[in-house]
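Values below: every heavy atom of this structure, side chains too, minus hydrogens, waters and symmetry copies.
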Amino acid sequence: QWTAGRFDGGAQLTGADAIAVDGAGTNQTGNLTIEAWVRLDEFSDTWSSVFYKGNGDSGHRSYSLWVNNSGSLYLGTRDASGEQGAQTANGVMQLGVWTHVAAVIDRSTGQLRIVVNGEERATGAVRAGPAVTSAEPLLIGRNTETSSSYDFLRGMVDEVRLWNVARSTADIAATRRGIPANFHVV
């Protein structure tokens, strides 16, 4: 459901709905940055996916960002050798608070980063090889895996951006409150 968001309008996710974005632009297997403003209404189950690109099997997640009911965030990506991830400390996500989150996969430098409100909050290692691919759409607010620990996101999402580059923390911080000058839709 479309409603007032952080800027202009945003998507209200009730726990029974999600957003699916299809197209070749979501099939990122190299460097990427995915970011958005998120406001959680409640924590549900153990994990809720903010972003999920995969085919419903944990062995085929290209990239994903999850929020835990402890308020931590987990960024994961999988290549032919397995899952690689980074997780923030508990409490970075608070209920009812608009929070800017960015997940960065930099295969060129071998680093995963989670940036929250313009500050790097977690890092991890990532291999240089490409992520597994998925023909399924990028999902915002849900995933297609079957687990009693997973649920839909309950809250709002606004200003989602997917980049085919690993943006620096400084660039993310500088542009999180508005559209970057060099931004264009292709």
Output, in order, the C-alpha distance, side-chain angles, deciding distance and verdict of side-chain contact (heavy atoms from CB on, under 4.5 Å) for Gln94 and Thr99.
CA-CA 8 Å; Gln94 299 289 316; Thr99 305; 5.9 Å; no
Run the side-chain contact (heavy atoms from CB on, under 4.5 Å) test on Leu73 and Arg121 for me, step by step, so that the C-alpha distance in whole Å, both residues' side-chain angles and the decisive distance to 0.1 Å come before the verdict.
CA-CA 9 Å; Leu73 291 167; Arg121 300 300 294 265; over 6 Å; no
Using the rule given for side-chain contact (heavy atoms from CB on, under 4.5 Å), can you reason through Phe51 versus Val160, listing the C-alpha separation, both sets of side-chain angles and the distance that settles it, and then say yes or no?
CA-CA 10 Å; Phe51 307 117; Val160 176; 3.9 Å; yes
Test Asp17 against Gln12 for side-chain contact (heavy atoms from CB on, under 4.5 Å), laying out the working first.
CA-CA 9 Å; Asp17 50 8; Gln12 176 72 51; over 6 Å; no
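The heavy-atom pair separating Arg107 from Gln84 by the smallest distance is NH1-NE2, 4.3 Å. Closest of all the heavy-atom pairs between Thr26 and Val21 is CG2-O, 3.6 Å.
Defined by atom type and a distance below 3.5 Å, a donor-acceptor pair is missing between the side-chain atoms of Thr123 and Gln111.
Atom CD of Glu42 is surrounded by more than 12 heavy atoms from other residues, nucleotides or ligands within 6.0 Å.
Evaluated for a side chain to side chain contact (heavy atoms under 4.5 Å, CB included) with Tyr52, the options Leu138, Leu65, Thr144, Ile140 yield exactly one hit, Thr144. Partner of Lys53 under the side-chain hydrogen bond (donor to acceptor under 3.5 Å, both in side chains) criterion, out of Asn27, Thr29, Thr133, Thr77: Asn27 alone.
Using cut-offs of 30° and 60° on the angle between ring planes, the pair Trp66 and Tyr150 is tilted.
Proximity of a side-chain donor or acceptor of Ser49 to a complementary backbone N or O of Gly141 within less than 3.5 Å is not detected.
The distance from atom CE of Met156 to atom CG of Leu13, rounded to the nearest 0.5 Å, is 8.5 Å.
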